[in-house]
Amino acid sequence: MTHQMPQLPYASSALEPVISQQTIEFHYGKHLQTYVNNLNNLVKGTEFEDKNVEFIAAHAPEGAIFNNAGQVLNHTLYFLQFSPAPDHKEPTDKLAEAIVRDFGSFENFKKEFNAAGVSLFGSGWAWLSADKEGKLHITKEPNGSNPVRNGLTPLLCFDVWEHAYYLDYQNRRADHLNALWEIIDWDVVGTRLG
Ligand code: MN
């Protein structure tokens, strides 16, 4: 199968000022495109040639195929979780209940999620995911990894690679992560919980 770029449901300038058009053009247009191209080239003639990106990210051994599949999956979930004008500023329904159950409150969840992103050393991702019983987990994944590697269902992610924020925020990773809450599309994130 040929891996494809996700189609953005918003214009490249629509997430400003949280994420600038220039960052979208580099991060989506260049970085993600490179991961997609690399993955398509790398899987040719391998056992992963006909596998979808979730399978490859979960099962490929450490190495180039895993790194690029992870980054394709991560960025697809990342770019599709945003909206310039979300209908809700907070989770709703089942996801809202699960967050209160597992983190005490939405405010406390945001605090813990921000802390995971800020404290991740080097390049990687902060994730909210759900296990098979529906319990929620915040994890820090290095480099291109994804919670699917541990059998979890990924729901929400913050990319803390410097390419995600350096053009707009330079070294101020915490300020960037704080701003991301403004553009999270909670309907999309809630749908991932099932
Ligand atoms: Mn990235």
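Remember, it's 1-based here, ligands and their atoms both numbered in the order they're listed.
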When Trp127 is tested against each of Leu156, Leu155, Val148, Asn74 for side-chain contact (heavy atoms from CB on, under 4.5 Å), which residue passes?
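Of the listed options, the one satisfying the test is Asn74.
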
Could you name all protein N, O or S atoms found under 2.8 Å from the Mn ion (ligand 1)?
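Short answer, with waters excluded from the count: His27 NE2, His75 NE2, Asp159 OD2, His163 NE2.
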
Is the closest side-chain heavy-atom distance between Phe103 and Glu112 below 4.5 Å?
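Yes, close enough: below the 4.5 Å cut-off.
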
Salt-bridged, Lys94 to Glu97, with N to O below 4.0 Å?
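Judged by the 4.0 Å cut-off on N to carboxylate O distance, Lys94 and Glu97 do not form a salt bridge.
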
Would you call Arg149-Glu141 a salt bridge at under 4.0 Å N-O?
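Result for this pair is no, no salt bridge flagged.
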
Taking it one step at a time, do Leu180 and Ile19 satisfy side-chain contact (heavy atoms from CB on, under 4.5 Å)?
CA-CA 8 Å; Leu180 285 179; Ile19 302 176; 3.9 Å; yes

Please table the atom pairs, donor to acceptor, closer than 3.5 Å between any side-chain atom in residues 48-64 and protein atoms at least two apart or in another chain.
| residue | atom | partner | partner atom | Å |
| --- | --- | --- | --- | --- |
| Glu49 | OE1 | Gly45 | N | 3.0 |
| Asn52 | OD1 | Glu54 | N | 3.2 |
| Asn52 | OD1 | Phe55 | N | 2.8 |

